[in-house]
Protein chains: 2
Amino acid sequence: MTGLRSGQVAAAAGVNPQTLRYYERRGLLPQPDRTLGGHRLYPAETISLLRLIKASQRLGFTLDEVTALLNARGAGMHARAAAKLSEVELKIAELTMIAEALRGAVAASCDDVNTCAADPRCPLPDS
Amino acid sequence: MTGLRSGQVAAAAGVNPQTLRYYERRGLLPQPDRTLGGHRLYPAETISLLRLIKASQRLGFTLDEVTALLNARGAGMHARAAAKLSEVELKIAELTMIAEALRGAVAASCDDVNTCAADPRCPLPDS
DNA sequence: TTGCAGTCGGTACCTGGGTACAGGCTTACC
DNA sequence: GGTAAGCCTGTACCCAGGTACCGACTGCAA
């Protein structure tokens with residue numbers, strides 16, 4: 001009966017204990033062993049798995065995508081990362097345009113949105 | 001009793017009619033005049049106001065921020081745009097690092113997340 | 001053996017930005 | 001004046017990704 005309790009795992013991975021049960025329901029975490037009394041006993045790898053999930057989220061994957069990623073093997077994984085890479089590149093391009101527009105708004109001394117929007121030099125409406 | 005009906009305004013601004021009432025509740029749109037029967041009558045400016053709201057959203061402002069923006073005058077507006085600009089620039093920087101990590105993952109032939117995450121060359125866990 | 005922290009399952013709630021539906025009224029056109 | 005389209009209010013629901021609360025039970029140490 002060895003293993004980590006949910007609170008320990010959650011603290012080690014920097015996650016709310018409720019989130020463990022949530023991930024289990026979503027199929028991101030395998031069902032752990034239990035004590036005789038029904039308390040969960042996690043293997044130590046769960047902590048790195050959680051960190052992997054969080055890292056993938058930071059890479060812009062949704063939980064559904066992470067689930068697919070965790071079940072993927074071989075070229076599937078490769079293709080998904082490549083697909084996500086082009087998504088991220090697209091997003092960077094969009095944000096770059098947005099930053100341009102904002103720089104324009106700052107430079108144009110766009111002081112009052114209402115009047116500025118009426119001004120043809122205002123970059124807001126077309127962005 | 002002149003003015004535009006909600007359906008006309010919504011269609012002209014490319015917005016769902018329900019959204020007009022939602023924005024009114026949120027304080028983004030002023031309360032319009034009404035017909036004797038209680039139907040809303042919008043001034044024509046409402047259409048450009050809606051477009052301005054949508055443009056601001058595309059610039060990354062939340063509806064709460066747009067509300068504040070619409071009520072702001074002078075330097076407040078300027079400062080907010082500048083603040084949002086640095087937020088956007090930060091986000092671009094984050095996404096750029098993420099793209100780097102993904103390129104790494106693709107290049108490293110990171111075929112199976114589980115084994116790859118255990119591999120010290122895998123860029124996923126630290127991102 | 002007692003006491004208390006930790007955990008259990010189930011359910012409800014949160015944020016943001018809307019969208020959908022129900023049942024009734026108004027407006028416009030023929 | 002009939003009829004259909006449009007609009008009214010109010011309420012409920014959607015998405016993702018959790019978080020909070022409840023009353024009951026377990027585990028562990030003193």
Side-chain angles (χ1 to χ4, degrees), chain A residues 1-43 46-47 49-70 84 87 91, chain B residues 1-43 46-47 49-70 84 87 91:
Chain A
M1 278 298 166
T2 53
L4 300 163
R5 311 295 300 277
S6 59
Q8 296 178 291
V9 173
V15 149
N16 192 309
Q18 316 268 46
T19 303
L20 294 186
R21 297 203 292 120
Y22 176 64
Y23 282 179
E24 192 178 321
R25 273 209 306 286
R26 301 259 326 215
L28 279 152
L29 290 183
Q31 306 227 5
D33 291 339
R34 301 280 188 143
T35 64
L36 292 176
H39 286 196
R40 287 172 180 78
L41 285 175
Y42 291 96
T46 306
I47 294 167
L49 180 52
L50 279 169
R51 283 208 257 259
L52 175 60
I53 291 168
K54 286 296 173 191
S56 304
Q57 277 190 295
R58 279 194 298 278
L59 289 187
F61 292 92
T62 67
L63 288 187
D64 276 351
E65 288 170 330
V66 176
T67 309
L69 235 35
L70 289 176
K84 185 53 72 173
E87 269 180 48
K91 192 129 204 168
Chain B
M1 279 297 166
T2 52
L4 300 163
R5 313 296 300 277
S6 57
Q8 297 178 292
V9 172
V15 149
N16 191 309
Q18 314 268 46
T19 303
L20 293 187
R21 298 203 294 119
Y22 177 63
Y23 283 179
E24 192 177 321
R25 273 209 306 285
R26 301 254 331 211
L28 279 152
L29 289 183
Q31 306 227 8
D33 291 338
R34 302 278 188 145
T35 64
L36 292 176
H39 287 196
R40 289 173 179 79
L41 283 177
Y42 291 96
T46 306
I47 294 167
L49 179 54
L50 279 168
R51 283 207 257 260
L52 175 60
I53 292 170
K54 286 296 172 191
S56 305
Q57 277 189 295
R58 279 194 297 278
L59 289 186
F61 292 92
T62 67
L63 287 187
D64 276 351
E65 289 170 329
V66 176
T67 310
L69 235 36
L70 289 176
K84 184 54 70 174
E87 268 180 49
K91 193 134 201 168

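Side-chain atoms are counted along with the backbone in the values below, which use heavy atoms only and exclude waters and symmetry mates. Below, chains carry the letters A, B, ... as their sequence lines are ordered, and counting in each starts from 1.
For C:dG9, the OP1/OP2 oxygens have a side-chain nitrogen or oxygen of A:Arg34 closer than 4.0 Å. Contact check, A:Ser6 against C:dG6: no side-chain N or O comes under 4.0 Å of OP1 or OP2.
Between B:Lys54 and B:Val15, the shortest heavy-atom distance links the atoms CE-CG2, 3.8 Å. The heavy-atom pair separating A:Gly27 from A:Thr67 by the smallest distance is O-CG2, 4.2 Å.
Residues that satisfy the side-chain contact (heavy atoms from CB on, under 4.5 Å) test with B:Pro43, not counting sequence neighbours, are B:Glu45, B:Thr46. Contacts of B:Pro32 classified as side-chain contact (heavy atoms from CB on, under 4.5 Å), with partners at least two apart in sequence or in another chain: B:Glu24, B:Arg40, B:Tyr42. Under the side chain to side chain donor-acceptor pair (under 3.5 Å) criterion, B:Glu87 pairs with B:Lys84, sequence neighbours left out.
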* To do: Going 5' to 3' through nucleotides 19-30 of chain C, assign each nucleotide B (protein heavy atom under 4.0 Å from a base atom), S (under 4.0 Å only from sugar-phosphate atoms) or - (no protein heavy atom that close).
  => SBB----SS---

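DNA chain D is contacted by both B:Tyr42 and A:Thr62; B:Tyr42 maps to the nucleotide lying nearer its 5′ end (nearest heavy atom per residue).
The distance between atom CD of B:Gln57 and atom C1' of C:dG16, rounded to the nearest whole Å, is 10 Å. The distance from atom CG of B:Leu63 to atom C1' of C:dT15 is 12 Å, rounded to the nearest whole Å. In this structure, the CD atom of A:Gln8 is 17 Å from the P atom of C:dA5, given to the nearest Å.
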* Check step by step if side chain to side chain contact (heavy atoms under 4.5 Å, CB included) holds for B:Leu41 and B:Leu4. => CA-CA 5 Å; B:Leu41 283 177; B:Leu4 300 163; over 6 Å; no

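We find the CG-CG distance between A:Leu49 and A:Leu28 to be 8.0 Å, quoted to the nearest 0.5 Å.
On the nucleic acid side, DNA chain D has its first and last nucleotide under 4.0 Å of a heavy atom of chain A at D:dG17 to D:dG27, going 5' to 3'.
Within the structure, side chain to side chain donor-acceptor pair (under 3.5 Å) contacts touching residues 3-22 of chain B (residues at least two apart or in different chains) are B:Arg5-B:His39, B:Tyr22-B:Arg26.
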